[in-house]
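Right, one structure below, let's go through it.
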Amino acid sequence: MVDDITPARIKEIRKRYGLSQQAFARILGIGPASIARYENGAKPTKANANLIRAAEIPEFMADCLKRDGEVLTAKQRESVEKIVYAEIIFDEEGEIMDINDIYELTLQQEVLNEKAWDIMAQVSRARQEAKQKGDEGLAMIYDDIELQIAKLVPQILSEESTNQARISELRGQLTGFQQLMATRLAKAA
């Protein structure tokens with residue numbers, strides 16, 4: 001296998017969760033002596049190598065905790081939960097999101113970001129036209145719209161926007177700005 005798991009990588013994965021060899025082995029359902037051997041250079045079985053690799057994925061470890069968390073002491077479990085749940089993204093119902101859901105939200109964030117920049121470009125052009133026509137009042141309105149959209153951009157890409165409700169809210173705000181611009185540009189024409 002090209003991706004042979006090394007002793008250093010096994011140790012790194014285990015330490016990431018702050019677990020002893022024994023606790024790491026218990027939560028994965030592997031013998032404690034096996035983890036010690038693997039960290040000292042013995043080659044893991046294919047099944048055990050796959051389990052250890054999977055432990056790099058916080059969602060996998062969350063599932064292990066849910067299924068077999070009682071094999072850890074309360075203190076160990078609490079410590080691991082803090083680490084695991086800090087790295088997991090939850091949906092509006094509090095369920096752990098899978099990679100496809102996360103990808104979909106990330107894609108929506110990127111689309112909204114592009115939409116925001118397109119609207120800002122329209123606003124910038126309209127502001128320039130208003131200034132050329134000597135309409136300082138309209139230019140100030142465009143300045144304000146541009147400022148409001150500029151404030152949305154960091155929100156679009158923030159971690160707080162990794163849920164469908166927030167994405168919909170931001171989409172609605174951008175659509176409002178887009179409609180406002182379409183109305184203003186139609187009146188100007």
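Computation of the quantities below employed the complete heavy-atom set of this structure, encompassing side-chain atoms and omitting hydrogens, waters and symmetry-equivalent molecules.
R9 and E56 are joined by a salt bridge, as a carboxylate oxygen and a charged side-chain nitrogen come within less than 4.0 angstrom of each other. Using a cut-off of 4.0 Å between Lys/Arg side-chain N and Asp/Glu carboxylate O, E78 and K82 are scored as salt-bridged.
Evaluation of the salt bridge (Lys or Arg N to Asp or Glu O under 4.0 Å) rule for E110 yields no partner, not counting sequence neighbours. Scored by the side-chain contact (heavy atoms from CB on, under 4.5 Å) test, E39 finds I10, K11, R14, Q21, I35 as partners (sequence neighbours excluded). Considering only residues two or more places apart in sequence or on other chains, D143 meets the side chain to side chain donor-acceptor pair (under 3.5 Å) condition with R127. Scanning for side chain to side chain donor-acceptor pair (under 3.5 Å) contacts around S158 gives E160, with sequence neighbours left out. In terms of the side-chain contact (heavy atoms from CB on, under 4.5 Å) criterion, residue partners of I119 (sequence neighbours excluded) are, by chain and number, K115, V123, I149, L174, F177, Q178, M181.
P7 approaches G41 most closely through the heavy-atom pair CG-CA, 3.6 Å. Taking both residues in full, the closest heavy atoms of K43 and Y38 are given as O-CE2, 3.9 Å, listed atom of the first, atom of the second, then distance. The minimum heavy-atom distance linking I83 with G18 is given by the pair CD1-N, 4.4 Å. Nearest heavy-atom pair, A139 versus A130, reported as atom, atom and distance to 0.1 Å: N-CB, 3.9 Å. Among all heavy-atom pairs drawn from E146 and S124, the shortest one is OE2-CB, 4.0 Å. A23 and Q76 get closest at one heavy-atom pair: CB-NE2, 3.4 Å.
Rounded to the nearest 0.5 Å, atoms SG (C64) and NZ (K66) are 11.0 Å apart. Note: I27 CD1 to L19 CG = 8.0 Å, rounded to the nearest 0.5 Å. Considering CD of Q173 and CD of Q155, their distance stands at 7.0 Å, rounded to 0.5 Å. If you take CG on L112 and CG on L107, they are separated by 10.0 Å, rounding to the nearest 0.5 Å. Atom-to-atom distance recorded for I30:CD1 and N48:CG is 4.0 Å, nearest 0.5 angstrom. Taking CD from Q122 and OH from Y142, the interatomic distance works out to 10.0 Å, rounded to the nearest 0.5 Å.
With a 4.5 Å cut-off on side-chain heavy atoms, P44 and R53 do not count as touching.
Hydrophobic clustering of Ile, Leu, Val, Met, Phe, Trp and Tyr side chains at less than 4.5 Å, counting indirect connections, unites L170 with W117. When the side chains of ILVMFWY residues are joined at heavy-atom separations under 4.5 Å, either directly or via intervening members, L180 and I141 end up in a single hydrophobic cluster. M120 and M140 sit in two unconnected hydrophobic clusters of ILVMFWY residues. Membership requires side-chain heavy atoms under 4.5 Å apart, directly or through other members. Both I57 and I52 belong to a single network of hydrophobic side chains, linked directly or stepwise wherever heavy atoms of I, L, V, M, F, W or Y lie under 4.5 Å apart.
Residues E104 and Q108 have side chains that bring a donor and an acceptor to within less than 3.5 angstrom of each other.
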In sequence, state the C-alpha distance, the side-chain angles, and the governing distance for M61 and L28, and then conclude on side chain to side chain contact (heavy atoms under 4.5 Å, CB included).
CA-CA 9 Å; M61 286 299 285; L28 293 180; 4.2 Å; yes
Decide yes or no on side chain to side chain contact (heavy atoms under 4.5 Å, CB included) for L65 and L72, but give the supporting numbers first.
CA-CA 9 Å; L65 287 168; L72 300 175; 3.8 Å; yes
Just do the side chain to side chain contact (heavy atoms under 4.5 Å, CB included) check on V80 and F24 with the steps written out, would you?
CA-CA 10 Å; V80 174; F24 188 57; over 6 Å; no
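Residue pairs that meet the salt bridge (charged side-chain N to carboxylate O under 4.0 Å, His left out) test with at least one member in residues 167-179, sequence neighbours left out, are R166-E169.
Side-chain atoms of S79 do not come within 3.5 Å of backbone N or O of K75 as any donor-acceptor pair.
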